[in-house]
Visitor: 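Dropping a structure here in structure tokens format, bear with me for questions.
Quick note: residue numbers are just sequence positions, from 1. Note that these values count all heavy atoms, side chains included, but never hydrogens, waters or copies made by symmetry.
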Amino acid sequence: LAQGVYRIEMAKARLRRLRRRPAILDSTVVLGWNALYVSALLQARKFVSDVKRLGIPDVDGRVYEKSPQQDEMEKWMVDLIANQTKELDHEATEIAAFIRRRLCDDEGYPMYRTYVTTGGSPALSEDYAYFVKCLLDFHDANIDPGPVTEGESWLDYARRVQRRMDEQFLDHRIGGYRACMDNPSDKKIIACYKTEVDANGPNPSAVSADNLFRLYKATGEREYLRRSMLTVGYFYRAVFANPVNMAEMCRTMLRVCVPV
């Protein structure tokens, strides 16, 4: 009797589960978050491709003769690192190609912030900032652009997107990047503010200031340095008042203002 009751209850539970509404699945693809993921993949690639990081330095500085087992292990690790590097390159390039194909316009500028089936909301300043960051990471990694940039180098593509971002979001008078385009004719925009703290992602102004500084180091054009310093200077007081919530801006400020 007890076994029969148990089976009936289990059958009722299965029926209730079948009648239950399926959980809502958020399949939205966000441009900025995917760009940050690409940057993380390229940072991982940089780490695993540096064989020296895997070695343990001798404390006394002496050089010891390697055994055959150590040589075999080193060859195995080199092969493993090469395979992992190829996998990371492939995944990062595939995501970058998807962003270019689905979330950018015909000229390669970020157009949509999100993608579900047929585009989505317009791209914000953080999407631009994270996208330029991942393009510069591609440039530093020296990966073949292939069809992603359509003949451009990673650096030229990053410079072009950064130029468009500065035109649309940068406050050229006092510095800092607005979250969205300041378009008075768009009635949907209530306020166009400048993000100070790190929220779901790093502060887009901090990332952009770092991108500008990297572009200055790569090209030598002082206009990039001027815009980077202008952006950092706008947040100077805010950083000292609330450094805990502005970690990315603190890191950028140290890099820009105290270059090594």
Visitor: Between E87 and N83, is there a side-chain donor-acceptor contact under 3.5 Å, judged purely by atom types and distance?
Guide: no
Visitor: Hey, does R163 have a side-chain heavy atom less than 4.5 Å from the side chain of D166?
Guide: no
Visitor: Which residues pass the salt bridge (charged side-chain N to carboxylate O under 4.0 Å, His left out) test with E221, sequence neighbours left out?
Guide: R159
Visitor: Are any of the side-chain nitrogens in R214 or D140 under 4.0 Å away from the carboxylate oxygens of its partner?
Guide: yes
Visitor: Would you mind writing out the side-chain donor-acceptor pairs for residues 231-245 within the sub-3.5 Å range, not counting sequence neighbours?
Guide:
from	atom 1	to	atom 2	distance (Å)
T231	OG1	R227	O	2.9
N242	OD1	N245	ND2	3.3

Visitor: Can you tell me how far CG of D106 sits from CD of E150, rounded to the nearest 0.5 angstrom?
Guide: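 It is 8.5 Å, given to the nearest 0.5 Å.
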Visitor: Give a yes or no answer on whether the side chain of T252 reaches the backbone of E248 with a donor-acceptor pair at less than 3.5 Å.
Guide: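 Such a contact is found between T252 side chain and E248 backbone.
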Visitor: Quick one: does D198's side chain have a donor or acceptor within less than 3.5 Å of a partner on A247's backbone?
Guide: yes
Visitor: Using the test side-chain hydrogen bond (donor to acceptor under 3.5 Å, both in side chains), find all partners of E91 that sit at least two apart in sequence or belong to another chain.
Guide: Y37
Visitor: Please name all residues satisfying ring-ring contact (aromatic ring centres under 6.0 Å, His included) with W154, sequence neighbours left out, ordered by chain then number.
Guide: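 W154 satisfies ring-ring contact (aromatic ring centres under 6.0 Å, His included) with F138 once adjacent residues are dropped.
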Visitor: Closest heavy-atom contact between A96 and V38?
Guide: N-CG2, 4.5 Å
Visitor: Sort and list the pairs that fulfil salt bridge (charged side-chain N to carboxylate O under 4.0 Å, His left out) and have at least one residue in residues 200-209, not counting sequence neighbours.
Guide: none
Visitor: To the nearest 0.5 Å, what is the distance between CG on L42 and CG on D89?
Guide: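 Result: 7.5 Å between the selected atoms.
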Visitor: When clusters are formed by joining ILVMFWY residues with side-chain heavy atoms under 4.5 Å apart, either directly or through shared neighbours, do L124 and M249 land in the same one?
Guide: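 Cluster IDs for L124 and M249 differ.
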Visitor: Specify the closest pair of heavy atoms between G176 and L170, including all atoms of both residues, with the distance to one decimal.
Guide: O-CD1, 3.6 Å
Visitor: Mind checking whether L215 and L136 have side chains closer than 4.5 Å, heavy atoms only?
Guide: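 L215 reaches L136 side chain to side chain.
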Visitor: Under the 4.5 Å side-chain heavy-atom rule for ILVMFWY, direct or indirect, which residues accompany V207?
Guide: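 Hydrophobic cluster check, V207: joined to L36, Y130.
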Visitor: For A97, check side chain to side chain contact (heavy atoms under 4.5 Å, CB included) against everything at least two apart and list the hits.
Guide: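 Result, side chain to side chain contact (heavy atoms under 4.5 Å, CB included) vs A97: R101, V148.
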Visitor: Taking the six-membered ring of F131, is the NZ or CZ of R100 close enough (under 6.0 Å from the centre) and on axis enough (within 45°)?
Guide: no
Visitor: Kindly give the heavy-atom pair with the smallest separation between P110 and L31, and that separation in Å.
Guide: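 Scanning both residues, the minimum pair turns out to be CB-CD1, 3.9 Å.
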Visitor: Rounded to the nearest 0.5 Å, what separation is found between the CG atom of N34 and the OG1 atom of T114?
Guide: 11.5 Å
Visitor: If you define the side chain from C-beta out and look only at heavy atoms, does anything of I174 sit under 4.5 Å from K194?
Guide: yes
Visitor: Looking at Y224, is its backbone amide N or carbonyl O close enough to the side chain of S228 to form a donor-acceptor pair, meaning the two atoms are under 3.5 Å apart?
Guide: no
Visitor: Does any part of the side chain of F98, heavy atoms only, come nearer than 4.5 Å to the side chain of V29, both counted from C-beta?
Guide: yes
Visitor: Counting only N and O atoms by type, is there a donor-acceptor contact under 3.5 Å from the side chain of S125 to the main-chain atoms of R178?
Guide: yes
Visitor: Side chains of K12 and I8: closer than 4.5 Å at any heavy-atom pair?
Guide: yes
Visitor: Taking all heavy atoms of P204 and all of A129, pick out the closest pair and write down the distance.
Guide: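 Smallest heavy-atom distance, with atoms named: O-CB, 3.7 Å.
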Visitor: Taking only residues two or more places apart in sequence or in another chain, which ones pass salt bridge (charged side-chain N to carboxylate O under 4.0 Å, His left out) with D210?
Guide: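 By the salt bridge (charged side-chain N to carboxylate O under 4.0 Å, His left out) rule, D210 matches R251, R255.
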Visitor: Strictly distance-based, threshold 3.5 Å: is any side-chain N or O of S205 a donor or acceptor partner for the main-chain N or O of Y177?
Guide: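 A pair under 3.5 Å: yes.
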Visitor: Under the side-chain hydrogen bond (donor to acceptor under 3.5 Å, both in side chains) rule, collect the residues that match up with N203, sequence neighbours excluded.
Guide: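 Once residues adjacent in sequence are excluded, N203 has no partner under the side-chain hydrogen bond (donor to acceptor under 3.5 Å, both in side chains) criterion.
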Visitor: What about F213 and L230, same hydrophobic cluster or not, with Ile/Leu/Val/Met/Phe/Trp/Tyr joined at side-chain heavy-atom distances under 4.5 Å?
Guide: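 No, it is not one cluster - the side chains of F213 and L230 are not joined through contacts under 4.5 Å.
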Visitor: How close do V161 and G108 get, heavy atom to heavy atom, and via which atoms?
Guide: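 What the structure gives for the nearest pair is CG2-O, 4.2 Å.
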Visitor: Report the hydrophobic cluster partners of W33, with the cluster defined as I, L, V, M, F, W, Y residues connected by side-chain heavy atoms closer than 4.5 angstrom, directly or transitively.
Guide: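 Besides W33, the hydrophobic cluster comprises V30, listed by chain and residue number.
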Visitor: Working to the nearest 0.5 angstrom, can you tell me the gap between K46 NZ and D137 CG?
Guide: 8.5 Å
Visitor: Looking just at side-chain N and O atoms, do S208 and N211 make a donor-acceptor pair shorter than 3.5 Å?
Guide: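 No - no donor-acceptor pair under 3.5 Å links their side chains.
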Visitor: For F169, check ring-ring contact (aromatic ring centres under 6.0 Å, His included) against everything at least two apart and list the hits.
Guide: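 Expected list: Y128.
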Visitor: Rounded at 0.5 Å granularity, tell me how far OG1 in T149 sits from CG in D156.
Guide: 9.0 Å
Visitor: Quick one: closest heavy-atom pair of Y112 and R102, and the distance?
Guide: CD1-O, 3.9 Å
Visitor: Which residues pass the side-chain hydrogen bond (donor to acceptor under 3.5 Å, both in side chains) test with R226, not counting sequence neighbours?
Guide: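 Only E223 meet the side-chain hydrogen bond (donor to acceptor under 3.5 Å, both in side chains) criterion with R226.
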Visitor: Can you tell me how far CZ of R17 sits from CG of L15, rounded to the nearest 0.5 angstrom?
Guide: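 Reported to 0.5 Å precision, the distance equals 11.5 Å.
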Visitor: Are any of the side-chain heavy atoms of R45 and I143 separated by less than 4.5 Å?
Guide: yes
Visitor: Can you tell if the side chain of C104 reaches within under 4.5 Å of the side chain of M111, non-hydrogen atoms only?
Guide: no
Visitor: Is any side-chain heavy atom of M229 less than 4.5 Å from a side-chain heavy atom of L225?
Guide: yes
Visitor: Under 4.0 Å between a side-chain nitrogen and a carboxylate oxygen: does that hold for R160 and E107?
Guide: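 No, no charged N to carboxylate O under 4.0 Å.
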